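Following: one structure in structure tokens, then a few remarks.
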Amino acid sequence: MCGIVGIVGKSNVNQALYDGLTVLQHRGQDAAGIVTSHEGRLFLRKDNGLVRDVFQQRHMQRLVGHMGIGHVRYPTAGSSSSAEAQPFYVNSPYGITLAHNGNLTNVEQLAKEIYESDLRHVNTNSDSEVLLNVFAHELAVRGKLNPSEEDVFAAVKDVHKRCRGGYAVVAMITGYGIVGFRDPNGIRPIVFGQRHTDEGVEYMIASESVALDVLGFTLIRDLAPGEAVYITEEGQMFTRQCAPNPQLKPCIFEHVYLARPDSIMDGVSVYKARLRMGEKLADKIRRERPEHDIDVVIPIPDTSRTSALELANHLGVKFREGFVKNRYIGRTFIMPGQAARKKSVRQKLNAIELEFRGKNVMLVDDSIVRGTTCKQIIQMAREAGAKNVYFCSAAPAVRYPNVYGIDMPSPHELIAHGRTTEQVAELIGADWLVYQDLDDLKEAVGGGKIKIEQFDSAVFDGEYVTGDVDEAYLNRIDLARNDGSKAKSQAVSEIIDLYNN
């Protein structure tokens with residue numbers, strides 16, 4: 001889960017890129033980067049930290065040019081080394097920079113091919129650098145001094161042939177233009193739009209439509225699975241389908257947790273999808289516990305608020321805000337390491353005793369992953385005087401790791417892995433627990449005006465849409481993603497950064 005943005009404008013785009021990344025900050029809080037192009041030269045700034053911390057006035061003044069791309073990173077393998085901050089750069093051909101959201105499932109094979117066949121060197125452990133080198137090689141073999149849109153689309157077509165997994169990409173070809181493309185299953189989101197200025201039409205590519213809205217761009221549409229958009233430095237736009245058999249299977253967890261509610265993804269309003277999740281949950285509670293004694297529904301800020309409100313409305317139960325959130329604490333889900341997540345929960349939330357004392361409380365969260373956060377929140381509710389604490393998840397039980405760009409941990413760290421609902425309820429300390437049914441979630445997200453027939457819902461059902469994920473692969477990522485491995489990787493990264501600085 002990362003955020004990407006690219007702009008071809010008529011004046012300096014540094015401020016617009018900064019603003020776009022700020023809007024997408026929820027997609028990654030580990031690192032940020034911007035690169036711009038001016039008169040054939042590149043200007044790059046990237047580092048660990050939030051957007052507001054990485055870019056100071058002196059950095060912004062150097063980021064000149066009317067074309068550029070940006071990235072906010074969250075570490076899918078647990079590393080937070082500044083060496084893996086994006087965008088990445090390769091000088092041949094033309095000078096290409098690239099920012100990527102997602103994860104390649106055949107990265108080991110590609111890294112070997114790049115070294116042995118393409119004769120290219122990869123300097124980090126990031127699959128984004130691998131993807132950049134694959135794209136650069138496929139563009140280089142065209143052998144053109146001045147690449148046309150046909151050359152760019154041919155290169156993307158060959159990237160699709162070689163790369164597996166989920167990926168949304170924005171890349172800048174120095175002196176020529178910006179290209180955006182999406183994997184053939186459309187797992188990770190990417191949109192593009194335009195705005196009219198006195199100087200002419202400007203174009204923007206981003207992970208979510210909300211970034212376009214805030215900057216005054218009009219959404220044209222989502223990129224289709226396998227499709228690419230190419231915008232020349234002069235402002236000409238071209239689109240092309242570059243995959244032989246594309247099928248839309250977007251990540252359903254985007255609607256559960258990752259995306260902002262004011263975004264529209266593949267024609268679906270994230271806000272409306274979350275409202276429907278609340279309706280489905282209310283129906284399930286009525287079926288399974290028609291004699292429930294819920295006094296109040298309280299959301300766990302912020303992502304679950306929309307679903308919780310609709311749940312309360314359909315049950316005819318009071319909705320109250322029972323937790324106050326510290327806005328200066330990041331999202332605990334994306335913090336590398338269990339210790340950091342545990343420490344941050346009580347710094348992040350504080351209970352309003354008035355809403356809990358003597359009441360049967362239904363807490364609503366978007367999902368339950370490790371169970372660490374909800375266990376502490378349930379304990380906070382009891383300490384605030386709740387009579388009984390029930391828990392509701394707007395998503396089904398998360399039982400399997402994600403391999404397409406979300407750092408779902410080792411399956412052994414997923415609290416629902418190999419456990420029943422009743423066992424999970426006991427572990428987190430809830431009096432009873434309700435999970436969303438997967439079919440209901442699919443209907444909530446895909447049942448609007450625009451029908452989506454299939455989703456990547458592997459974290460819930462273990463079915464990986466690219467068809468290349470086996471037990472051996474899952475065992476390898478288990479070793480990389482468990483908290484013990486992350487702690488070791490983090491320590492090494494900090495030593496390297498300290499040495500480099």
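Throughout, numbering of the chain's residues begins at 1 and tracks the sequence. This is a predicted model, so every value here is computed, not measured.
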Inset, instruction - Please report the shortest heavy-atom distance between G175 and M67, naming the atom on each side. - result: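 Taking every non-hydrogen atom into account, N-CE, 4.1 Å.
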Legend entry - Heavy-atom closest pair, residues S209 and D262: OG-O, 4.4 Å
Set of salt bridge (Lys or Arg N to Asp or Glu O under 4.0 Å) partners for [X], sequence neighbours left out:
X    : value
D118 : R162
K161 : D158
D213 : none
R240 : E150

Legend entry - Nearest-0.5 Å distance, CG of residue N101 to OG of residue S207: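 So the CG of N101 and the OG of S207 are separated by 5.0 Å.
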Inset, instruction - Nearest 0.5 Å please: distance from the CG atom of L110 over to the NE2 atom of H137. - result: 11.5 Å
Inset, instruction - For N185 and I187, indicate whether the former's side chain and the latter's backbone hold a donor-acceptor pair under 3.5 Å. - result: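 No: the side chain of N185 does not pair with the backbone of I187.
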Inset, instruction - Answer yes when E202 and R195 have at least one side-chain N-carboxylate O distance shorter than 4.0 Å, and no when they do not. - result: yes
Legend entry - Side-chain ion pair, E443 and R276, N-O less than 4.0 Å: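 No, this pair does not count.
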Set of residues satisfying side chain to side chain contact (heavy atoms under 4.5 Å, CB included) with respect to [X], sequence neighbours excluded:
X    : value
A154 : R142
D440 : K280, R287, Q436, D437
A32  : V51, V54, F55, V72
V107 : L104, D127, V130

Can you tell me which residue pairs pass the ring-ring contact (aromatic ring centres under 6.0 Å, His included) test with a partner in [range], sequence neighbours excluded?
range            : answer
residues 110-130 : none
residues 192-248 : none
residues 440-468 : none

Any [X] side-chain heavy atom under 4.5 Å of [Y] side chain:
X    : Y    : answer
R120 : V90  : yes
E310 : M277 : no
P261 : R274 : yes

Inset, instruction - Count the heavy atoms of every other residue, nucleotide or ligand shown that sit under 6.0 Å from OH of Y89, and state whether that count exceeds 12. - result: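 Correct, the count exceeds 12.
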Inset, instruction - Would you mind listing every salt bridge (charged side-chain N to carboxylate O under 4.0 Å, His left out) that reaches into residues 91-108, with sequence neighbours excluded? - result: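 Pairs touching residues 91-108 that pass the test: E108-R476.
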Legend entry - F181 six-ring face occupied by K157 cation (under 6.0 Å, within 45°): no
Inset, instruction - Tell me yes or no: between the side chains of D151 and S148, is some donor less than 3.5 Å from an acceptor? - result: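 Short answer, yes.
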Legend entry - Y167 versus H160, side-chain donor and acceptor atoms under 3.5 Å: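 A donor-acceptor contact under 3.5 Å links the two side chains.
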